[in-house]
Amino acid sequence: MSLLVVGLSHRSAPVSVLERAALSADAQIKLLQDTVAAEPATEAAVLATCNRIELYADVDKFHAGVAELSTLLAQHSGVGLEELTPYLYVHYEDRAVHHFFSVACGLDSMVVGEGQILGQIKDSLAAAQELHTAGRLLNDLFQQALRVGKRAHSETGIDRAGQSLVSFGLEQLAVGKPVDGWARGKKALVIGAGSMSSLAAATLARAGVAEIVIANRTCDRAERLAQILTEGDDTDVLARAVPMESVPAELTRADVAVSCTGATGLVLAAETIAAALDGRGVVAQPGVDGVPPAPTRAAQAARLPAGSAGDENCPLDLAAAQPGFSVMGEAAVAGMDAATLEQHAAWVSGSAVDRHEAGRRTPEADAELITALAATAATAGRIPERRRPEPVAVVPRPEPVLFLLDLAMPRDIDAAVHRLAGVRLVDIESLAEASADAPMAADVDQVRRIVSDEVTAFGAALRAAHITPTVVALRTMAADVVATEIARLEGRLPGLDDKHRAEITQTVRRVVDKLLHAPTVRVKQLAAEPGGAGYADALRTLFDLDQETVASVSRAEDSTSKEDRGSA
């Protein structure tokens, strides 16, 4: 086995990098085709979800395989190799199997224990099979991973350790309230009709929303999903489909919106959300109705270390400034010497950025005040007292009227929406932060034991399968020897009747089978153990088996396997 996986996930890379590296459906197809066309790889499959991108391949050379797969990931993701490399992880052979089985069980998910990953693995395998990039190794691996994942969910309580991203995201939107109570009676808008969006719609329906509107670029898929929701026995939700052009209008009616599309650009801009809120009578612009204005350069400086770019000439020790306090005016400069005050005055008056504190002062007034203080300091040497600045008043943010859940990677909803009044946005980045502290159930340890056992069994099966062509070739050679000797016997004894000929033939075959039985069974057992790959070579050497005969058996088995998959 030469299984290699190269990838990045929420555990190895920040969301911003994952977002940029996200692969479109077309990019995944091209990546698979280019991988199998590369020299080190003979099989390939891509597992691309909202929080991971992994390329699986059967390679004949480890170092060349890592270099080639890393380069291909960088090329097709659009993120430069130098930038991407620090975030990549590599697993090989048994460790690659262990990683993949852990992924299938939800142990490596952003929300531990979520079961949606199984559907994504199934889709990845189907895509590789359709493109004929998955051979015997990856087919066996993915099929076994699906079985391991199902076993983990059926034999343990891993489901209690976490939920799908949809459920977890809705919990974050509800801010501690039970989702069923929070969602009951609300109107929901779901943008997209793929697997994640369908799960979101079903979850919202079970939570008790009154209405669900499905918007999708392909109207047929949206209508089909709306029909499934309407006809469901476990809910009485009203569902309807609309074209994507209707999304801005639907946002004026919706209480909660979930977006998960495959778009490479933003689906909902901040301006679109602001207009929707304006349309329902909510002032959404920053700085209005209690929402603090966007930070000015001076306010941002209070959170930056001294000497940060853009504030090189500011003489204040910005690292020591307390958040929420102005770095302008008399209180900020109390205690400075004359030279520093003059430098500060020049920094204030020479900047084109509006630094007044919410309209209470003008830059000119600040500059005049600082100049006067500088003159005082020139006489007295220093301003003797450093006074504590008065905190800038922050009006509490109003309760949201529109809840947004963005499950897409790259993001569907503009991150600037976070600053709008009346909106609560939960996206992949905030989910990653929230899930970092999520408790893990005790069942996780049991799942880990299942994974460990299954990895051992899978490795043994692969190693045993590796020697099977050699054993088959040995038995084929033995059968040829028997046939040759029986033919020679018939030439020497032409008067031998059919009954005796059959008896002699059967006896010779039984002798050969008994002689081969113990060594072939034992060699399969030995080959299944770690380091047992050499037994196939020993068998070929001892019995002088033709390498081409062994290879032809392998090709025949692969062909049969492909036919079975095609008829499945």
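Numbering of residues begins at 1 and proceeds along the displayed sequence.
Within the model, atoms CD1 of I214 and CD1 of I212 stand 6.0 Å from one another, a figure rounded to the nearest 0.5 Å. For the atom pair OG1 of T252 and CG of L402, the computed distance is 10.0 Å after rounding to the nearest 0.5 Å. One finds the CG atom of L431 at 6.5 Å from the CG atom of L407 (value rounded to the nearest 0.5 Å). Taken to the nearest 0.5 Å, the SG atom of C105 stands 11.0 Å off from the CD1 atom of I117. The distance from the OH atom of Y56 to the CG atom of L138 is 10.0 Å, given to the nearest 0.5 Å. For the atom pair L32 CG and L131 CG, the distance stands at 6.0 Å (nearest 0.5 Å).
Contact annotation: the side chain of L204 approaches that of L170 to within less than 4.5 Å [non-hydrogen atoms, C-beta and beyond]. The side-chain heavy atoms of Y92 and V66, taken from C-beta on, include no pair separated by under 4.5 Å. The closest side-chain heavy-atom distance from R147 to Q144 is below 4.5 Å. Residues I158 and L107 are in side-chain contact: their nearest non-hydrogen atoms beyond the backbone lie under 4.5 Å apart. Residues L405 and V256 fail the side-chain proximity criterion, which asks for heavy atoms closer than 4.5 Å. Inter-residue side-chain proximity for S167 and T203 is flagged as met; some heavy-atom pair is nearer than 4.5 Å. Residues S77 and L84 form a side-chain contact, since some pair of their non-hydrogen atoms from C-beta on lies under 4.5 Å apart. Between E43 and N139, every side-chain heavy-atom pair lies at or beyond the 4.5 Å cut-off.
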For I428 and E19, what are the C-alpha separation, side-chain angles and deciding distance, and is it a side-chain contact (heavy atoms from CB on, under 4.5 Å)?
-> CA-CA 9 Å; I428 291 296; E19 186 176 43; over 6 Å; no

After noting the C-alpha distance and the side-chain angles of D406 and V426, does the key distance pass the side-chain contact (heavy atoms from CB on, under 4.5 Å) rule?
-> CA-CA 6 Å; D406 184 0; V426 171; over 6 Å; no

Might you work through the side-chain contact (heavy atoms from CB on, under 4.5 Å) test for R11 and N51, ending with a clear yes or no?
-> CA-CA 9 Å; R11 295 186 182 276; N51 53 38; over 6 Å; no

side-chain contact (heavy atoms from CB on, under 4.5 Å) between D414 and L268: does it pass, once the steps are laid out?
-> CA-CA 6 Å; D414 191 346; L268 294 178; over 6 Å; no

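Partners of T261 by side-chain hydrogen bond (donor to acceptor under 3.5 Å, both in side chains), not counting sequence neighbours, listed by chain and number: D412. Residues forming a side-chain hydrogen bond (donor to acceptor under 3.5 Å, both in side chains) with H153 (at least two apart in sequence, or on another chain): D159.
For the pairing with M409, the side chain to side chain contact (heavy atoms under 4.5 Å, CB included) check across T49, D427, V15 returns one residue only, V15.
Listed by first and then second residue, the ring pair (Phe, Tyr, Trp, His ring centres under 6.0 Å) pairs that reach into residues 177-233 are W182-F403, sequence neighbours excluded. Pairs of residues two or more places apart, or lying in two chains, that qualify as side-chain hydrogen bond (donor to acceptor under 3.5 Å, both in side chains) and include a residue from residues 218-231 are Q227-E231. Contacts classified as side-chain hydrogen bond (donor to acceptor under 3.5 Å, both in side chains) and involving residues 21-30 (residues at least two apart or in different chains) are given here: K30-D34.
The two residues A48 and S124 come nearest to each other via the heavy atoms N-OG, 4.5 Å. The two residues A200 and V258 make their nearest non-hydrogen contact at CB-CG1, 3.8 Å. Closest of all the heavy-atom pairs between L229 and A201 is CD1-CB, 3.7 Å. Contact detail for L69 and A57: the closest heavy-atom pair is CD2-CB, 3.8 Å. In this structure, R206 and D180 approach most closely via the heavy-atom pair O-OD1, 4.5 Å. Nearest heavy atom pair, residue I450 against residue A152, reads CD1-CA, 4.3 Å.
E454 places no side-chain N or O within donor-acceptor distance of the main-chain N or O of V148, the cut-off being under 3.5 Å. Judged purely by atom type and a 3.5 angstrom limit, R424 has no side-chain atom pairing as donor or acceptor with the backbone of A174. No donor-acceptor pair under 3.5 Å is formed between the side chain of D58 and the backbone N or O of T42.
Annotation: R217, atom CZ; neighbour count of heavy atoms from other residues, nucleotides and ligands within 6.0 Å does not exceed 12. Crowding of E130 atom CD: a count of heavy atoms from other residues, nucleotides or ligands under 6.0 Å not exceeding 12. Counted within 6.0 Å of NZ on K186, heavy atoms from surrounding residues, nucleotides or ligands total more than 12; the atom is thus considered enclosed. Enclosure of atom CZ in R95 is not indicated, since only 12 or fewer non-hydrogen atoms of other residues, nucleotides or ligands lie within 6.0 angstrom.
Side-chain contact of T456 with D453: a donor-acceptor pair under 3.5 Å is absent, judged by distance alone. Side-chain polar atoms of Q446 and T156 form no donor-acceptor pair below 3.5 angstrom.
A salt bridge links R240 to E250: at least one charged side-chain nitrogen sits closer than 4.0 Å to a carboxylate oxygen. By the 4.0 Å N-to-carboxylate-O rule, R411 lies close enough to E429 to be salt-bridged with it.
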List the atom pairs, donor and acceptor, that lie under 3.5 Å between side-chain atoms in residues 97-104 and the rest of the protein, sequence neighbours left out.
residue	atom	partner	partner atom	Å
H99	NE2	E54	OE2	2.6
S102	OG	H98	O	2.9

